Each structure stands twice: as structure tokens, then as C-alpha cells.
Engineer: 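Take a look at the following structure, please.
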Amino acid sequence: MDTVLLNNKEKDLEIAAEFIKKGEIVGIPTETVYGLGADASNEAAVRKVFEAKGRPADNPLIVHLADFSQAVDYTSAIPALAYKLAKRFCPGPLTMVLPKNDRIPMITSGGLDTVGIRVPSHPVMHRIIELAGRPIAAPSANTSGYPSPTSADHVMRDMNGKIAAVVDGGSSEFGVESTVISIEGESTARILRPGCVTREMLLEVCDEVIIDHAILHELEAGQKAASPGMKYKHYSPKADIIMVEGSLEGFISYVGEHNGDSVYSLIFDNDRDNFPYRYMTYGKDSSQQAHLLFQRLRELDDIGAKVVYVRAPETEGVGLAVYNRLIRAAGFEVIRI
Ligand code: AMP
Ligand code: MG
């Protein structure tokens with residue numbers, strides 16, 4: 001199949017929406033990362049998404065809507081807290097897990113009786129949902145396990161020949177996937193996957209916000225994941241990623257002891273002065289780190305890095321999302337110095 005590269009003008013968005021209506025799949029920019037969009041209500045289309053990504057069948061897809069008011073069409077119950085959260089955070093990078101109804105096929109929800117609902121703010125994704133007039137299932141548009149794509153070029157590299165089209169909408173604003181939450185009781189949210197809607201932001205609306213254990217810890221054998229994606233090795237480039245927690249001085253001496261051919265460091269902008277080894281930087285604060293992380297992981301592969309020591313980000317605010325992606329990219333290999 002020839003994968004068509006589309007632009008973000010109305011005429012091309014109409015072409016993208018036609019593909020979706022016909023059961024084809026399209027790479028679409030969103031404010032988080034690029035998604036692989038398909039009609040969420042069309043089983044055959046959704047099957048193509050799992051095939052193109054090589055995604056395990058039990059890893060559910062998030063369903064994207066143009067407006068939260070449409071959630072009633074695809075769910076069987078919506079708690080009052082979900083409406084309050086939607087008022088504050090939709091459209092935007094928040095996914096709420098809600099009980100699904102029959103209009104969402106089991107293949108879309110990975111066999112679960114719940115569905116993740118998100119209302120994206122990116123004008124391109126938003127317009128394609130409107131034009132297609134369908135709920136759009138869209139996981140990140142990468143090959144399963146590899147870092148998520150934050151540009152049309154990343155999507156092309158992973159999906160060329162496997163999907164109908166990619167819409168180029170420039171580089172993704174946030175750079176990490178949406179915050180995924182479930183709702184417990186009257187006023188509690190549980191974060192299943194951290195993102196740019198942070199715990200602190202959710203606390204503006206919820207009385208309590210729980211950070212699921214699996215966000216920072218590896219699941220024990222046989223333990224059930226509240227968020228199925230959490231049990232897979234994820235976000236991982238070909239290079240071996242090792243997170244190093246501690247001071248810059250400690251980091252430099254650790255890298256010095258383990259330096260060699262094809263060894264790189266991924267450090268903060270402020271670490272750059274006099275850093276003695278091969279390095280790339282990934283920003284000066286958590287938001288920049290989120291924006292740059294996946295791009296840098298792909299670039300490190302491109303330059304042939306075999307081992308990458310990464311300065312560990314903080315776990316507050318958006319930093320939690322960056323830390324969560326890195327600890328999975330590292331297969332939970334963290335050196336504490
Ligand atoms: P991605 O599609 O790559 O952004 O990954 C979506 C992630 O959202 C999945 O890996 C799950 O961990 C999570 N997710 C989606 N739907 C549900 C659901 N119904 N219940 C729990 N987690 C979900
Ligand atoms: Mg993904």
C-alpha cells in the first residue's frame with residue numbers, strides 16, 4: 001500500500017476523513033503524540049490498527065470524540081465527577097476510563113468492559129473526527145514497543161506502506177501521551193498513566209488523586225494491571241537505556257567508569273557546560289523534557305548509540321510522565337548514586 005502524506009488544510013483533512021469512513025487507518029497529529037486513527041466502531045478497521053502496530057490484542061485503544069457530550073453514545077454510565085473533569089480538562093490531554101456500551105466493540109477495548117474516552121484539542125484531529133462523524137480509536141502511531149511518534153516523519157518511518165495516509169501537523173505540543181484516569185467513588189481519580197494533566201491539576205477538581213502503583217513500579221509476575229499498557233516493555237529505542245538518579249557529579253563519574261564506543265548520555269540543558277562525554281540534551285524543565293524525550297530516543301538510535309545513560313527527571317508535575325516513560329524504556333533499570 002502507498003502511504004499518502006497529507007497536509008493540514010481542509011481539503012486534505014477531508015481525504016483523511018474519507019479514509020477513516022472507508023475503514024482505512026490514518027496517522028493523525030494530536031496535542032500529545034501522533035495517533036493511528038481508525039473508526040472505533042468498525043471491527044475490521046480496528047483490527048488493522050493492531051496489525052500495523054504489532055500491538056497485543058489485550059492492550060485497549062482510546063476512543064477520541066469531538067465533544068464530551070458524545071460520551072453518552074458510547075458509555076453505559078458517566079459519573080458526575082467525569083462531567084466536572086470534562087468541564088475543566090476537555091478538550092485536552094486527559095483520558096477517562098468509563099463503562100462502555102455495545103457501540104464500542106470488544107476488539108477496541110482490548111476485551112475490557114470499559115473504554116478510555118478523550119476529547120483531543122488539536123485542531124487537525126478535532127476536524128477529522130467531525131468530518132468522519134465517527135468515534136476515532138487512536139493509539140500512538142508507533143510500532144508497538146518503540147518510542148511514540150511526535151512528528152509525521154516518525155510516523156512515516158514506522159508505518160510507511162502499512163497505512164493509508166499520514167497527516168502532517170508539525171511537531172506534537174506535549175510530546176507524551178494523555179493522562180489516563182479511572183474514577184473511584186464520588187470524588188477520587190486514580191492515575192493509570194501520567195501525562196500533562198498532572199496530579200496537582202486533577203486535585204483542582206477531585207478531593208483525592210491516587211497514583212497507581214504500576215506507574216513507578218514493575219508489576220509482579222501474575223499481578224493484574226489496571227492499565228493494560230503498563231505491563232509491556234514500552235517506549236524503547238534499540239539502544240539500551242539506563243536511568244541514573246543522583247547528582248550531576250555522581251552522574252559524570254558513573255558515566256566515566258562505564259564509558260566506551262557508542263555510549264551516550266541524555267542530560268538536562270543545564271548540565272551541558274563542561275560535560276566531558278558524548279551527550280544529547282533533553283530540555284531544562286519537565287515540560288521541555290516531555291516535548292523532547294521521544295524525539296531524542298529516536299535520534300539516539302539514528303546516530304548509532306548502543307548504551308544511553310539518562311539523567312533521571314523529577315517525579316513531580318509533568319516530570320512524573322517523563323519518569324514513567326523512561327523507567328519503561330529502561331526496562332526498570334535504574335542506578336541510584
Ligand atoms: P496508547 O493507545 O498507545 O496511547 O495507549 C493507551 C493506553 O491507555 C493503554 O495502553 C492502556 O494502558 C490505557 N487504556 C486505554 N483504555 C483503557 C481502559 N479501558 N482501561 C484501562 N486502561 C486503558
Ligand atoms: Mg502507545
Side-chain angles (χ1 to χ4, degrees), residues 25 27-38 40 46 49-50 52-65 71 74-78 82 92-101 103-118 120 122 125 135-150 154-155 158-159 172 174-184 189-197 210-215 219 223-237 290 293-294 297-298 321 324-325 328-329:
I25 59 181
I28 308 175
T30 85
E31 69 276 21
T32 57
V33 301
Y34 274 66
L36 209 52
V46 171
V49 172
F50 279 92
K53 280 183 63 75
R55 183 171 172 112
D58 67 349
N59 195 358
L61 306 186
I62 292 169
V63 172
H64 298 74
L65 304 174
Y74 306 101
T75 56
S76 58
I78 303 179
L94 179 69
T95 298
M96 290 188 251
V97 172
L98 299 169
K100 74 170 199 70
N101 72 15
R103 292 176 71 180
I104 299 298
M106 276 293 179
I107 184 173
T108 304
S109 66
L112 298 174
D113 52 14
T114 54
V115 59
I117 298 282
R118 179 158 100 84
H122 195 291
M125 177 60 149
I136 294 188
S140 52
N142 52 298
T143 302
S144 210
Y146 204 60
S148 298
T150 56
H154 295 164
V155 181
D158 283 20
M159 295 294 155
S172 305
F174 292 118
V176 289
E177 306 83 346
S178 61
T179 305
V180 178
I181 62 162
S182 61
I183 289 172
E184 298 179 359
R190 174 181 293 272
I191 301 183
L192 304 178
R193 176 176 73 183
C196 287
V197 172
I210 299 166
I211 294 178
D212 195 80
H213 187 74
I215 285 176
L219 285 172
Q223 205 178 345
K224 192 166 176 288
S227 171
M230 288 293 179
K231 65 183 183 211
Y232 296 108
K233 180 158 171 146
H234 229 135
Y235 317 117
S236 227
L293 177 66
F294 289 137
L297 294 181
R298 284 172 177 260
N324 166 266
R325 303 316 187 270
R328 280 176 170 70

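Note that the structure is predicted; figures quoted are calculated from it, not measured. Both ligands and their constituent atoms are indexed starting at 1 by order of listing. Atom set for the values below is all heavy atoms of this structure, side chains included, hydrogens, waters and symmetry mates excluded.
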Engineer: Who are the salt bridge (charged side-chain N to carboxylate O under 4.0 Å, His left out) partners of R328, not counting sequence neighbours?
Structural biologist: none
Engineer: Checking the side chain of H234 only, and the main-chain atoms of G229 only, is there a donor and an acceptor separated by less than 3.5 Å?
Structural biologist: yes
Engineer: Is there a donor-acceptor contact under 3.5 Å from the side chain of T32 to the main chain of E177?
Structural biologist: no
Engineer: Number the atoms of ligand 1 from 1 as they appear, then name those within less than 4.0 Å of a heavy atom of P228, with their elements.
Structural biologist: 12 (O), 21 (C), 22 (N)
Engineer: For L112, take its heavy atoms, then give the atoms of ligand 1 lying under 4.0 Å from any of them.
Structural biologist: 18 (C), 19 (N), 20 (N)
Engineer: Can you report which non-hydrogen protein atom sits closest to atom 23 (C) of ligand 1, along with the distance?
Structural biologist: P60 CG, 3.7 Å
Engineer: Measuring from T114:OG1 to I104:CD1, what's the distance to the nearest 0.5 Å?
Structural biologist: 11.0 Å
Engineer: Students should be able to answer this: which protein heavy-atom is nearest to atom 11 (C) of ligand 1, and at what distance?
Structural biologist: S227 OG, 3.4 Å
Engineer: Specify the closest pair of heavy atoms between S178 and R325, including all atoms of both residues, with the distance to one decimal.
Structural biologist: O-NH2, 4.3 Å
Engineer: Under 2.8 Å from the Mg ion (ligand 2) - does any N, O or S atom of S140 fall there?
Structural biologist: yes
Engineer: Given side-chain contact (heavy atoms from CB on, under 4.5 Å), test N142 with F294 step by step and report yes or no.
Structural biologist: CA-CA 11 Å; N142 52 298; F294 289 137; over 6 Å; no
Engineer: Of the backbone atoms (N, CA, C, O) and the side-chain heavy atoms from C-beta on, which set of V97 has a member under 4.0 Å from an atom of ligand 1: side chain, backbone, both, or neither?
Structural biologist: side chain
Engineer: Give the residue, atom name and distance (to 0.1 Å) of the protein heavy atom nearest atom 19 (N) of ligand 1.
Structural biologist: T114 OG1, 3.0 Å
Engineer: For R118, is there an ion pair with E31 - N to carboxylate O distance below 4.0 angstrom?
Structural biologist: yes
Engineer: To check your reading of the model: name the closest protein heavy atom to atom 2 (O) of ligand 1, its residue, and the distance in Å.
Structural biologist: P139 CA, 3.0 Å
Engineer: Mark up the atoms of ligand 1 that fall under 4.0 Å of a heavy atom belonging to G229, in ascending order.
Structural biologist: 10 (O), 11 (C), 12 (O)
Engineer: For H234, which part has a heavy atom under 4.0 Å from ligand 1: side chain, backbone, both, or neither?
Structural biologist: neither
Engineer: Would you mind listing which atoms of ligand 1 come within a distance below 4.0 Å of any non-hydrogen atom of I62?
Structural biologist: 6 (C), 8 (O), 15 (C)
Engineer: With a 4.0 Å cut-off on heavy atoms, is A226 touching ligand 1?
Structural biologist: yes
Engineer: Who pairs with Y146 by ring pair (Phe, Tyr, Trp, His ring centres under 6.0 Å), at least two apart in sequence or on another chain?
Structural biologist: none
Engineer: Any idea which protein heavy atom is nearest atom 4 (O) of ligand 1, and the distance to it?
Structural biologist: R193 NH1, 3.0 Å
Engineer: With respect to atom 9 (C) of ligand 1, which of T30, N59, D58 exhibits the smallest heavy-atom separation?
Structural biologist: N59
